[in-house]
Amino acid sequence: MLRFETPHGTVVPEETKGLKFGHLTTNLAFKLARKLGRKPPELASEIASAIEKDSRVERVQVAGGFVNIFLKKEFLREYLLSLHGKLPEPGWEEERPPIAFDNREGKHNLEFVSANPTGPLNVVNARAAAIGDSLVRIGRFLGYRSDAEYYVNDEGTQIEMLGWAILWRLGYIPEEELPEDAYRGDYVKDIAEAIRDRIPRFEKPDSSIAYTIGKMGSDYILQTQMETLKRFRVRYDRITRESFVRESKYPEEALKNLSDKGLLYFESKDGKRKPFDEFTGLGEPLKKLLDRDFYLKHFEGFALYLETTRFGDDKDRVIIRSNGLPTYFFWDIAYHFYKVERGYDYIVDFLGPDHHGYIGRLRAALSALGFDVSHFHMEIVQQTNLLREGKRVRMSKRKGQLYTMDELLDEVGVDAARFFFLMRSPSAHLDFDMTLASRIGKENPVYYVQYVHARVQSIKEHAAGQGISWSIEDLNLDMTDTDYEREMVRKLLYLEMYLNKAYEKFEPHHLVFYLMELADTFHSFYQNIRVVDPQEPGRTAARIALLEVLRKVIGTGLNLIGVKAPDRM
RNA sequence: GCCCCCGUAGCUCAACUGGAUAGAGCAUCGGAUUUCUAAUCCGAGGGUUGGGGGUUCGAGUCCCUCCGGGGGCGCCA
């Protein structure tokens with residue numbers, strides 16, 4: 001990042017709104033004015049005169065409290081060459097990016113999608129996949145150790161419900177006997193068929209048979225989900241199963257941590273309380289609480305509560321139900337404990353819109369465990385509506401009429417799907433216009449950006465055909481000084497700023513907007529300036545060199561959001 | 001009832017920890033190609049940032065209030 005030292009501290013300048021404001025700007029004077037009790041213009045001129053002495057700077061301009069910085073051509077050339085050297089050749093969009101910037105401090109965990117293994121992935125899952133995967137790419141590229149994680153809820157009632165649904169589809173039970181919460185969607189037929197031959201023998205279907213079959217079904221579903229995600233160019237570094245967490249030492253550790261702090265108590269539905277000491281008095285290890293028979297024997301009718309209200313929650317939460325079964329919430333606490341223990345200094349969860357109310361209690365539980373919640377970030381990936389010909393596509397879950405992620409990819413393709421998901425901030429409701437996304441042409445922003453890459457490649461080919469040779473060293477800003485080109489140079493300075501912004505805010509759309517702006521600049525340039533001119537080989541070479549930097553920036557940006565940068569369109 | 005999010009151009013959305021003239025895309029209208037790809041470009045119209053009040057050098061952004069929309073409030077996950 002570009003920085004400047006001044007008597008008022010280090011300035012990390014920002015982008016400008018146009019070349020008339022210079023290449024970079026800072027409003028530091030405004031910010032300091034109140035604190036120091038001085039006038040912004042005075043401070044600005046002090047900051048300006050310090051920056052002016054910097055060898056990279058051509059001149060500065062003070063406007064009110066703004067200090068606008070104009071950089072020297074020699075420095076700009078050096079910067080662009082170094083940028084070019086750092087960026088990989090496009091074409092790695094299926095893989096993890098190389099580290100291009102500094103090797104930064106920080107090991108981060110980003111968990112996203114984590115859909116229940118009871119059905120196909122849907123459109124919100126796809127959106128979360130695009131967001132999470134792109135951020136992991138950007139994080140790695142910036143030099144952080146960013147890991148993508150998938151959590152599988154392969155235990156619990158839902159698994160049994162899946163099992164019942166499969167039993168029904170295979171004809172073992174009539175529809176009337178199907179539990180109310182069982183999955184009735186048509187997709188269960190395919191799953192049933194896929195595992196039919198491996199179903200164990202049994203006398204009469206019961207809960208435990210349903211559970212076993214549900215497990216088989218969910219394994220199969222997980223596998224198909226992973227295939228879909230792979231098709232979407234999403235990679236995971238780790239898949240964690242809830243069954244693994246349950247068997248690990250973390251549930252017990254969490255109980256120990258919370259009981260040591262006196263945050264647990266028993267309460268019955270009619271409000272009778274028992275202190276946690278009633279358990280402690282039994283002299284049994286904490287693990288016993290997770291043994292259902294043991295729990296029922298001693299605490300039947302009572303649930304085990306965690307005092308999350310002491311940490312800002314609206315009410316205390318149940319972690320073991322009075323039927324002896326721990327809640328999802330409890331296993332999730334153990335899971336987060338496990339993530340922390342793995343040594344991440346930043347943990348991010350992307351949750352679906354229906355988990356909105358869950359954030360508060362999870363944060364409260366994490367504080368209860370003694371973790372610094374500023375190291376956790378929970379982001380809601382908002383709802384997505386599909387539009388076709390301007391009309392809502394119904395995605396009702398009932399009767400299995402759901403529109404799946406695979407269908408979306410069939411209809412609009414991976415590039416358009418990823419790009420469209422990333423055009424909006426994750427927290428905004430998204431209207432996904434499939435008619436627009438599947439159109440080929442200027443109205444479709446994904447082609448608009450990809451076309452830049454293809455056009456530059458085409459120019460290079462044309463130049464070669466004219467016998468013009470060039471190299472990146474031919475970059476010469478004296479020969480590329482039309483307004484178009486100077487504007488291009490200015491915007492090329494901002495790549496790293498936008499990557500940082502996108503990553504720090506967990507909002508990849510900032511990168512997408514940057515790419516669209518760069519593409520804009522290029523297309524205007526292309527329309528008005530002829531690049532290849534055999535009469536002026538020097539200028540031609542200089543222009544191609546500049547476009548080559550642009551091409552790599554666009555190509556890298558696209559690959560970081562998992563979109564291809566084609567050589568030809 | 002309580003809590004959270006949102007309200008910006010006809011539509012869908014941006015706007016860096018409060019900063020310069022609130023920007024894009026789509027849609028609408030008018031132009032441009034004997035050319036390195038027209039999958040492009042140039043131009044036009046379109047806004048009291050839901051209303052009102054406050055904080056300050058400065059508010060779409062922060063505070064209060066009202067209106068309107070969505071979501072959450074389970075011993076489900």
Side-chain angles (χ1 to χ4, degrees), chain A residues 14-18 20-21 25 27 30-31 33-34 39-41 63-66 68 116 118 153 155-158 181 242 267-269 301-305 314-315 317-329 331-332 352-360 380 382-383 385 387 390 423-425 427-433 435-436 439-448 450-452 454-463 465-466 497-498 500-501 504-505 507 509-510 512-513 516-517 519-520 522-533 540 543-544 547 568-569:
Chain A
E14 300 169 345
E15 63 177 306
T16 65
K17 294 195 167 182
K20 63 177 170 177
F21 299 122
T25 186
N27 58 8
F30 279 119
K31 307 205 176 231
R34 191 165 311 160
K39 300 276 183 218
F66 291 101
N68 299 327
N116 277 331
T118 51
N153 299 118
E155 295 276 356
T157 353
Q158 51 181 350
D181 294 333
E242 185 179 333
E267 190 175 299
S268 67
K269 283 185 180 162
F302 285 80
L304 183 62
Y305 277 80
D314 309 342
K315 53 182 166 187
R317 304 292 173 172
V318 171
I319 60 173
I320 301 179
R321 290 174 265 171
S322 53
N323 67 4
L325 294 174
T327 57
Y328 169 84
F329 180 51
W331 299 119
D332 213 25
D354 50 330
H355 281 65
H356 190 114
Y358 188 71
I359 294 179
I380 294 289
Q382 268 299 354
Q383 207 176 332
N385 296 315
L387 302 176
M423 284 199 314
R424 299 280 175 262
S425 88
S427 59
H429 287 253
L430 169 69
D431 277 12
F432 191 117
D433 184 343
T435 311
L436 177 60
R439 215 181 299 171
I440 291 180
K442 61 173 283 195
E443 312 89 9
N444 189 340
V446 65
Y447 289 102
Y448 187 79
Q450 288 180 312
Y451 195 37
V452 175
R455 269 188 155 170
V456 174
Q457 294 297 53
S458 166
I459 290 170
K460 281 157 61 184
E461 235 172 73
H462 179 77
Q466 301 286 306
M497 291 181 195
Y498 276 96
N500 279 326
K501 186 163 155 187
E504 282 161 13
K505 299 184 75 173
E507 292 176 342
H509 73 277
H510 294 294
V512 174
F513 274 79
M516 297 202 326
E517 257 189 58
D520 235 345
F522 168 78
H523 287 308
S524 297
F525 161 79
Y526 180 87
Q527 199 69 23
N528 292 288
I529 303 293
R530 179 96 191 153
V531 177
V532 178
D533 182 357
T540 300
R543 283 181 171 150
I544 293 178
L547 292 182
R568 203 176 284 277
M569 291 173 73

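Note that the structure is a prediction, hence the values are computed from the model and not measured. Only heavy atoms go into these numbers, but all of them, side chains included; no hydrogens, no water, no symmetry mates. Just so it is clear: chains get the letters A, B, ... in the order the sequence lines come, proteins before strands, and each one is counted from 1.
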Side chain of [X] only, heavy atoms from C-beta on: which candidate in [options] is closest?
X      : options             : result
A/T157 : B/C42, B/A77, B/A32 : B/A77
A/I459 : B/U21, B/C36, B/A20 : B/C36
A/R530 : B/G19, B/A77, B/C36 : B/C36
A/S524 : B/U17, B/C41, B/A77 : B/C41
A/Q527 : B/A77, B/U21, B/C41 : B/C41
A/K501 : B/C36, B/A38, B/C16 : B/C16
A/K17  : B/C16, B/A20, B/C75 : B/A20
A/D431 : B/C75, B/U12, B/U21 : B/U12
A/H355 : B/G19, B/A77, B/A20 : B/A77
A/Y448 : B/C41, B/U56, B/A39 : B/C41

RNA chain B: stems of at least 3 consecutive Watson-Crick or G-U pairs whose donor-acceptor distances fall under 3.5 Å: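 Stems found: B:1-7 with B:67-73, B:10-13 with B:23-26, B:28-32 with B:40-44, B:50-54 with B:62-66.
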Considering every strand and a 4.0 Å limit on heavy-atom distances, what is the contact class for [X]: base, sugar-phosphate, or nothing?
X      : result
A/D533 : nothing
A/E14  : base
A/S425 : sugar-phosphate
A/Y305 : base
A/Y526 : base
A/A303 : base
A/D181 : nothing
A/I544 : nothing
A/T540 : nothing
A/K505 : sugar-phosphate
A/Q382 : nothing

Give a yes/no on whether any side-chain N or O of [X] is located under 4.0 angstrom from OP1 or OP2 of [N].
X      : N     : result
A/R424 : B/G25 : no
A/R568 : B/A39 : no
A/H509 : B/A15 : yes

Nearest-0.5 Å distance that lies between atom NE2 in A/H509 and atom CG in A/L430: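 Interatomic distance, A/H509 NE2 to A/L430 CG, rounded to 0.5 Å: 12.0 Å.
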Need to verify one output field. Residue with the more 5' nearest nucleotide on RNA chain B, A/K315 or A/F21?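 This one resolves to A/F21.
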For A/A33 and A/H510, take the nucleotide of RNA chain B holding the closest heavy atom to each; which residue's nucleotide lies nearer the 5' end?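 Its nucleotide being nearer the 5' end, the pick is A/H510.
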Answer yes or no for this row: A/F66 ring on B/A20 base, centroids under 5.5 Å, planes under 30°.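 Stacked: ring centres under 5.5 Å, planes under 30°.
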Could you label the plane-to-plane angle of the A/H355 and A/Y358 rings as parallel, tilted or perpendicular, counting under 30° as parallel and over 60° as perpendicular?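 Ring orientation, 0 to 90° scale: perpendicular.
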Partners meeting salt bridge (Lys or Arg N to Asp or Glu O under 4.0 Å) with A/K501 (sequence neighbours left out):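 Scan of A/K501 (salt bridge (Lys or Arg N to Asp or Glu O under 4.0 Å), adjacent residues dropped) gives none.
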Could you state the atom-to-atom distance from CD1 of A/I380 to P of B/C6 in whole Å?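 Roughly 12 Å, once rounded to whole Å.
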Round to the nearest Å and state the distance from A/D314 atom CG to B/C2 atom P.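 Going from A/D314 (CG) to B/C2 (P), I get 13 Å.
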Spell out yes or no: do the side chain of A/R34 and the base of B/G58 have one donor N/O and one acceptor N/O closer than 3.5 Å?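 Indeed there is one.
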Base B/U56 to side chain A/K31, donor-acceptor N/O within 3.5 Å cut-off: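 No.
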Under 3.5 Å, is there a donor-acceptor pair between the A/E242 and A/Y328 side chains?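 No, A/Y328 and A/E242 have no side-chain donor paired with an acceptor closer than 3.5 Å.
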Distance only, no hydrogens: is a donor on one side chain within 3.5 Å (strictly under) of an acceptor on the other, for A/T540 and A/D533?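 No, because no side-chain N or O of A/T540 sits under 3.5 Å from a partner of the opposite role on A/D533.
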Less than 6.0 angstrom separating the ring centers of A/F30 and A/F66, yes or no?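 Yes, close enough.
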Check whether NZ of the Lys or CZ of the Arg A/R455 lies under 6.0 Å from the centre of the six-membered ring of A/Y526 and within 45 degrees of that ring's axis.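 Yes, cation above the ring, under 6.0 Å and within 45°.
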Please check if the side chain of A/R321 supplies one atom and the backbone of A/L304 the other of a donor-acceptor pair under 3.5 Å.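 Checked: no pair found.
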